[in-house]
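Protein chains get the first letters and strands the later ones, always in sequence-line order, with residue 1 at the start of each.
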2 protein chains.
Amino acid sequence: MGKKTYEMSKIAIDPVIFTIHDAKLKVLLHIREKSPFQGKKELPGGLLLGEERAEQTLKRKLKELVGSDNLFMKQFHTFTHPDRDPRNRIVSIGFVSLINQERVKDIVRWYDYNSLRDLAFDHKIIIEHAFQYLKDNLNSSVVKHFMPKHFPINKLQEVYELIEEKEYDNRNFRKKLINSGIVEETNKLEKGVSHRPAKLFKFK
Amino acid sequence: MGKKTYEMSKIAIDPVIFTIHDAKLKVLLHIREKSPFQGKKELPGGLLLGEERAEQTLKRKLKELVGSDNLFMKQFHTFTHPDRDPRNRIVSIGFVSLINQERVKDIVRWYDYNSLRDLAFDHKIIIEHAFQYLKDNLNSSVVKHFMPKHFPINKLQEVYELIEEKEYDNRNFRKKLINSGIVEETNKLEKGVSHRPAKLFKFK
DNA sequence: GCAAAAGTGTTATTGGTACACCCATGC
DNA sequence: GCATGGGTGTACCAATAACACTTTTGC
């Protein structure tokens, strides 16, 4: 065996935090203040500190970003291309995280998934990868992280449709959902709408 | 913000290479010659060289290990616990890889998934994680990597049953498989068996 | 002719899809 | 009273599950 160089690297996490607002899928991004990619948008990532595992780094960032470290979070891919950051080699572990819109304060920093542009580094690719992961792994215990405690069934259908990029028949959707036993009716009603108010449901 | 230390780390890949031999799921492992964990079994991992992406490192290792870099390979998780290697911090990217038994020469280095013991580092956890990934993502385009070009349907059923840890009704299995159009009959027959020889099928 | 695994059909049940109209509320 | 979205049932089709016997080969 010849001489080999085993390069050291910094390790980062890149959280792709999704929420749904006004029937749009949104991602939390920052505007870069420094070069490289000054003025472009980037994922709110961070480097692993001395003794941290990636999940701890993510929790620390989530607390800072959205005030809670108790969100859905799942690794979906690790990005290792040596030139992904033009300055240093940085390996980045991509996470998907989800938050319901009621807990989002600063909606201005959240950008439509469907019109992302001017992204720094390889972050557009990372976000698309994250979305694909979400789409491929969607189920009720994932979707619930988008929803407030009480919600109308039609809002839940909307979330499925947005992420799976297909439509459901409303009658069939309700039937399947209610028969599945994963939600239950409450005695609450939707408020402040100028039409028949929906019954609110919750996850069991 | 106080002063923080952003630790550097070596980056490794740990390939969990599965095959099926004598109706058993097997994993390729090495016996460690050096401390720590001398004499224990370990995954045939490797560090990323200077300009390599993880997938390139994996291909290099696969070539070395099984003589081919053209196998199924999929990242499933990245392991970042700071004490996972007692010597240095090493972040390891776990991959699942699959190879069909006809291409395996040195079956002695392959160990039954169901009776793994004396594993070095966190490699038992990594392997169990890999198996779970495989189980959760099994489908015909994954399974085909376990199969030789021509195979009896019952062998394919056996593979599904081993990995999904459940049984199929043979008639229903054949029906579904053949109707799905993903395999087709050949005019070859199984040889060297002391019972009715099976028709051989292949993937389309 | 016996042991061993291959191969084969029918019926019942379940789940999925398609489809159109009335209801409750705010303004 | 009109606009808006909420809420409801039935019929058809497709997929899945359950189940037992005959066939072909080697020895």
Side-chain angles (χ1 to χ4, degrees), chain A residues 20-24 101 135-136 138-140 143 146-203, chain B residues 20-24 101 135 138-141 143 146-203:
Chain A
I20 289 173
H21 184 84
D22 285 349
K24 296 244 168 73
Q101 57 204 82
K135 188 172 176 175
D136 291 345
L138 203 68
N139 61 50
S140 63
V143 167
F146 281 120
M147 308 306 292
K149 273 219 180 62
H150 303 276
F151 55 86
I153 285 195
N154 290 357
K155 292 290 179 204
L156 188 60
Q157 182 181 340
E158 191 178 287
V159 174
Y160 274 98
E161 289 179 341
L162 262 171
I163 294 167
E164 295 183 347
E165 299 178 300
K166 68 177 183 185
E167 298 195 346
Y168 287 94
D169 175 274
N170 182 248
R171 274 175 293 193
N172 293 338
F173 184 86
R174 302 176 92 86
K175 213 186 313 170
K176 189 177 163 188
L177 194 79
I178 291 167
N179 290 343
S180 75
I182 56 183
V183 296
E184 61 187 0
E185 209 174 316
T186 70
N187 54 10
K188 296 181 201 296
L189 289 179
E190 200 180 12
K191 281 185 181 152
V193 289
S194 71
H195 55 75
R196 175 175 176 179
K199 286 180 194 160
L200 299 184
F201 285 72
K202 62 172 182 166
F203 285 98
Chain B
I20 289 173
H21 183 85
D22 285 350
K24 296 246 168 72
Q101 59 204 82
K135 188 173 176 176
L138 203 68
N139 61 49
S140 64
S141 54
V143 167
F146 280 120
M147 308 307 292
K149 272 219 181 62
H150 302 277
F151 55 86
I153 285 195
N154 290 358
K155 293 290 178 204
L156 189 61
Q157 183 181 340
E158 191 178 286
V159 174
Y160 274 98
E161 290 179 341
L162 262 172
I163 295 167
E164 296 183 347
E165 298 178 301
K166 68 176 185 187
E167 298 194 347
Y168 287 94
D169 175 275
N170 182 248
R171 275 174 294 192
N172 293 337
F173 184 86
R174 301 176 91 88
K175 214 184 312 168
K176 189 176 163 187
L177 194 79
I178 292 166
N179 290 344
S180 75
I182 56 182
V183 296
E184 61 186 0
E185 208 174 317
T186 69
N187 54 12
K188 297 182 201 298
L189 288 178
E190 199 181 12
K191 281 184 181 153
V193 289
S194 71
H195 55 77
R196 176 173 177 180
K199 284 181 196 161
L200 299 184
F201 286 73
K202 62 173 182 166
F203 285 99

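Listed by chain and residue number, B:Ile182 satisfy the side-chain contact (heavy atoms from CB on, under 4.5 Å) test with B:Ser180 (two or more places apart in sequence, or in another chain). Qualifying salt bridge (Lys or Arg N to Asp or Glu O under 4.0 Å) partners for A:Glu167, counting only residues two or more places apart in sequence or in other chains: none. For A:Lys188, there are no salt bridge (Lys or Arg N to Asp or Glu O under 4.0 Å) partners, not counting sequence neighbours.
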Pairwise N/O distances under 3.5 Å, protein to nucleotides 1-5 of chain C:
none

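When rounded to the nearest whole Å, the span between NZ of A:Lys199 and C1' of C:dT25 equals 15 Å. One can place CD of B:Glu185 at 11 Å from C1' of C:dG7, the figure rounded to the nearest angstrom. When the P atom of C:dT8 is taken as reference, atom CZ of B:Phe173 falls 15 Å away, rounded to whole Å.
A donor-acceptor pair is defined here as one N or O able to donate and one able to accept, closer than 3.5 Å; no such pair exists between the side chain of B:Glu185 and the backbone of B:Lys199. Remark: the backbone N or O of B:Lys24 is not paired with any side-chain donor or acceptor of B:Asp22 at under 3.5 angstrom.
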Heavy-atom protein contacts under 4.0 Å, nucleotides 13-21 of chain C, coded B base, S sugar-phosphate only, - none: ----BBBB-
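When the nearest nucleotides of DNA chain C are assigned to A:Pro197 and B:Arg174 by heavy-atom distance, the more 5′-ward of the two goes with B:Arg174.
Aromatic pair A:Phe146/A:Tyr160: centroids not less than 6.0 angstrom apart.
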Residues A:Arg174, A:Asn154; criterion side chain to side chain contact (heavy atoms under 4.5 Å, CB included); working and verdict: CA-CA 8 Å; A:Arg174 302 176 92 86; A:Asn154 290 357; 2.9 Å; yes
Intermediate values then yes/no, side chain to side chain contact (heavy atoms under 4.5 Å, CB included), A:Ile178 and A:Ile153: CA-CA 9 Å; A:Ile178 291 167; A:Ile153 285 195; 3.8 Å; yes
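Of all the heavy atoms in A:Gln157 and A:Asp169, the pair that sits closest is NE2-C, 4.3 Å.
Counting non-hydrogen atoms of neighbouring residues, nucleotides and ligands closer than 6.0 angstrom, the NZ atom of B:Lys135 exceeds 12 such neighbours.
Heavy-atom contacts of chain B under 4.0 Å fall on DNA chain D between two terminal nucleotides, which in 5' to 3' order are D:dT16 to D:dG26.
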